[in-house]
Amino acid sequence: MKLQRKEAFGLETSQQPVTVQRPKRWDEPMDPQMNDADVQWLLARMPFAGLDAAAFPKSVPLNGILKNDCRLHRFAPGQVIVREGDYANSAFLVLDGHAELITRPVAPEVLGRREVSKRSWPETLWGLLRPTGVEEARRPEDVTPGVEIQDRGAGHAGTADQASQPTLFLQDFAGLVRSGQTARLTPGEMFGEVAAMLRGPHGATVIAGDNAVLLEIRLQGLKMLQRDVEFAKRMEDHYRKHWLAIHLREIPLLRFVPESNLQTIVQHTELRSFGRLEWNADYSKARKLSPSEQIGSEPVVVAEGRHVTELIVVRSGFGRVCQNYGAAKRTTAYLGKGHVFGLDEITLSVVGEGGSVPLQHSLQAVGFLDTLHIPVEVFAREVLPHIRRDELPPTAKRAMELSIAKSSTTSRRERRNIKRAQDDKKLGLPIIADPSAHSKTWDTLPASTGTSFEPTGLLEFIVQNRFNNGRQAMIIDLHRCTRCDECVKACADVHDGNPRFARIGPRHERLQFVQACMHCTDPVCMIGCPTGALHRDEASGLVNISENICIGCGVCANGCPYNNIEMVEVRDRKGRPYLDEKTNRPITKSTKCDMCNSVPSGPACAAACPHDALVRIDLNESPPLEDWLRRRV
């Protein structure tokens, strides 16, 4: 019957290939207005005039990088180029004029951001008892910026901007310069490259000075420019000189390393990255793959069975730790910022008697992974003697203790404890990896070797859906949930009748991961926000929206891989819609879960659940979720 149907439509029974055009890297240039004349102007200026064009492949030539991965900007004096706390995805090079880097913290309101003010209990109760009854009602001050916002000009030497983006002007910029609170950036100087490479926030606010012409270089182009040896060396030297020691010191294992040792580590550490920085672009496709297919598609950083040659430190992004399991691989842990890989094998190789120990697991990039690689010889000499034993993995710790037990300086008490542990092992008794586990001191930090869950299926599910990115994930225990929706009602009550989430989301066995803002470790929604309305609060770590400077462009809603941000049209408290005075179009704002940060009770969803079925939890680490699940078994 099927054959007859195909013949009736004139189709052949064999499958015929479909010819399509393969997407190219530069189908969408960063600046559509960049032309060949602009590129020639750039090639005549440093540092591009000193680059070796032959170092770049024919498929990605130097002039192609400048034309497609860069954007020219001409800023007016006092115009904000980047704000402290803005999420970075590109670097800036000063071409002409100058810019001023503000050396002291700037108050949020100066940059247009309003601090979330906590409501008192009487104010909170009054809002619950007397809601406006209007959908998405806002006060006038919530929809007006309070700072000067103009269109950003791009181009050089007076070239008009054809695709303007709103940006801010700093109030009293001249006063900051006169008082010595700025550092001048002159032609040839670059800033923002470290934040871009680490996919993190800018560490300072930079304001345009007189005749400021800057080139914005997105990270993909920045990495391609590093094909030139001198350019790459200049960038790496700058990072090693100013930033690498700071980032190494943030790693828990290295916090007791002397400064002289740290400088040696800085000299020998290698910087690498794996996967695609814009992992959110592929997220919707990757999450539909089976775990084995997803694991097979991920870039391998280092494979199981290889001899360990270096300690790998995660600088940003996420890594999957997996192990061969028959013909497939099984996830055993995932790594985030500050976690290390290979510590167990290195310690056993250094202090054990069996020589070099091969890696027991593979490490793969989940989306994007940026790493530091410390050679094993350097780690053994400069770091290992300064690591606290209770921070080592259990097997490495036992090997260290046995090594110490054989030395003449080992105390009688240490020998007795080690002998007792050996006897217990022979008798099949459980071994306590850390005898002082019940009396840990205040400065003992969590293990830095990854995050794992006992149920492998749950671990696969969390990594496959990238929920390990969530710092405030909303999880519901469906065995306890009665679908009463008290959580949604409580959220609506706190937000004047407008709930900030719906009780929907993917499920794994008894757990539902609700579609609500997770205040991610890697908040890709913040990339591209033109006014900095979306930003992370330094104190709480929450990703907040300053609605007064939100222009309703929808960049954040489109960028959120979890679809947890919505765009809404706002009204005043009488129900009248706000309209743009220039275009007469409705004013839209981005909305999402804010963790009820304006009320004294905290997240209303969790507080209102009558069956203790809902929790807001950090999935960057495993203990919080494991403890919560254990109490329910």
Side-chain angles (χ1 to χ4, degrees), residues 30 71 80-92 106 108 111-116 145 149 152 165-168 191-206 216 218-220 276-283 315-318 336-337 367-368 370 466-473 500 515-567 588-595 597 618 620:
M30 187 178 186
R71 178 187 288 126
V80 177
I81 301 171
V82 299
R83 286 158 294 272
E84 180 180 1
D86 278 4
Y87 212 52
N89 196 38
S90 56
F92 288 85
V106 179
L111 296 175
R113 296 168 178 159
R114 291 194 179 128
E115 291 286 351
V116 178
I149 296 183
R152 173 189 297 183
Q165 284 278 359
T167 188
L168 304 177
F191 61 91
E193 74 279 9
V194 175
M197 288 190 297
L198 297 182
R199 241 303 254 283
H202 287 287
T205 298
V206 180
E216 183 180 3
R218 61 182 172 189
L219 184 58
Q220 295 86 345
R276 186 180 177 189
L277 189 67
E278 296 86 358
W279 62 266
N280 53 314
D282 301 324
Y283 168 75
R315 189 163 56 156
S316 64
F318 296 101
K337 181 180 179 180
F368 174 74
D370 195 271
R466 305 288 200 276
F467 291 141
N468 51 306
N469 194 19
R471 302 177 65 173
Q472 293 290 347
R500 296 304 181 214
Q515 195 170 315
C517 178
M518 300 190 298
H519 301 271
C520 297
T521 299
D522 186 15
V524 291
C525 58
M526 291 173 59
I527 297 175
C529 178
T531 62
L534 205 66
H535 63 283
R536 189 190 292 283
D537 181 79
E538 291 186 4
S540 64
L542 301 180
V543 178
N544 292 328
I545 301 173
S546 291
E547 289 191 340
N548 60 307
I549 57 174
C550 172
I551 63 172
C553 61
V555 169
C556 56
N558 295 328
C560 175
Y562 311 101
N563 297 319
N564 290 338
I565 300 179
E566 288 188 83
M567 306 305 298
T588 58
K589 301 288 182 180
S590 57
T591 64
K592 65 179 188 63
C593 165
D594 58 3
M595 290 294 289
N597 56 0
D618 186 357
N620 281 208

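- Not counting sequence neighbours, the partners of Glu547 by the salt bridge (charged side-chain N to carboxylate O under 4.0 Å, His left out) test are Arg138.
- For Ala91, the side chain to side chain contact (heavy atoms under 4.5 Å, CB included) partners two or more places apart in sequence, or in a different chain, are Met190, Glu193, Leu222.
- Every residue two or more places apart in sequence or in another chain that forms a ring pair (Phe, Tyr, Trp, His ring centres under 6.0 Å) with Phe191 is listed here: Phe92.
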Gln472 vs Met518, test: side-chain contact (heavy atoms from CB on, under 4.5 Å). Steps then yes/no. CA-CA 5 Å; Gln472 293 290 347; Met518 300 190 298; 5.6 Å; no
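- Checked against salt bridge (charged side-chain N to carboxylate O under 4.0 Å, His left out), Asp594 has no partners two or more places apart in sequence or in another chain.
- One N or O on the side chain of His519 and one on the backbone of Val543 form a donor-acceptor pair closer than 3.5 Å.
- Not a single donor-acceptor pair under 3.5 Å links the side chain of Asn469 to the backbone N or O of Cys520.
- Side chain of Lys592 to main chain of Glu566: no donor-acceptor pair is present (N/O by atom type, distance under 3.5 Å, no hydrogens or angles).
- Note that CD1 of Ile565 is 8.5 Å distant from OG1 of Thr591, once rounded to the nearest 0.5 Å.
- Atom SG in Cys525 sits 4.5 Å away from atom CG in Leu534 (nearest 0.5 Å).
- Of the inter-residue distances, the one linking Arg536 atom CZ with Leu542 atom CG reads 8.5 Å to the nearest 0.5 angstrom.
- The shortest heavy-atom contact between Gly85 and Met526 is O-CE, 3.7 Å.
- Judged purely by atom type and a 3.5 angstrom limit, Thr205 uses its side chain to pair as donor or acceptor with the backbone of Glu84.
- Of the possible polar contacts, none joining the Tyr283 side chain to the Tyr562 backbone as a donor-acceptor pair under 3.5 Å is found.
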Between His535 and Arg83, does a side-chain contact (heavy atoms from CB on, under 4.5 Å) hold up when you go through it step by step? CA-CA 10 Å; His535 63 283; Arg83 286 158 294 272; over 6 Å; no
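- In this structure, the side chains of Ser316 and Lys337 stay at 4.5 Å or more apart for every pair of heavy atoms.
- Taking CD1 of Ile545 as the start and SG of Cys556 as the end, the distance is 6.0 Å to the nearest 0.5 Å.
- The salt bridge (charged side-chain N to carboxylate O under 4.0 Å, His left out) test applied to Arg471 returns no partner, not counting sequence neighbours.
- If you look at Phe368 and Phe318, their ring centroids are not closer than 6.0 Å.
- Closest non-hydrogen pair, Val524 versus Pro561, comes out as CG2-CD, 3.5 Å.
- Distance check, rounded to the nearest 0.5 Å: SG of Cys593 to CD of Gln515 gives 12.5 Å.
- With sequence neighbours excluded, the residues that form a side chain to side chain donor-acceptor pair (under 3.5 Å) with Thr521 are Asn620.
- Of the inter-residue distances, the one linking Ser90 atom OG with Glu216 atom CD reads 3.5 Å to the nearest 0.5 angstrom.
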Evaluation steps, side-chain contact (heavy atoms from CB on, under 4.5 Å), between Met567 and Ser590: CA-CA 4 Å; Met567 306 305 298; Ser590 57; 3.6 Å; yes
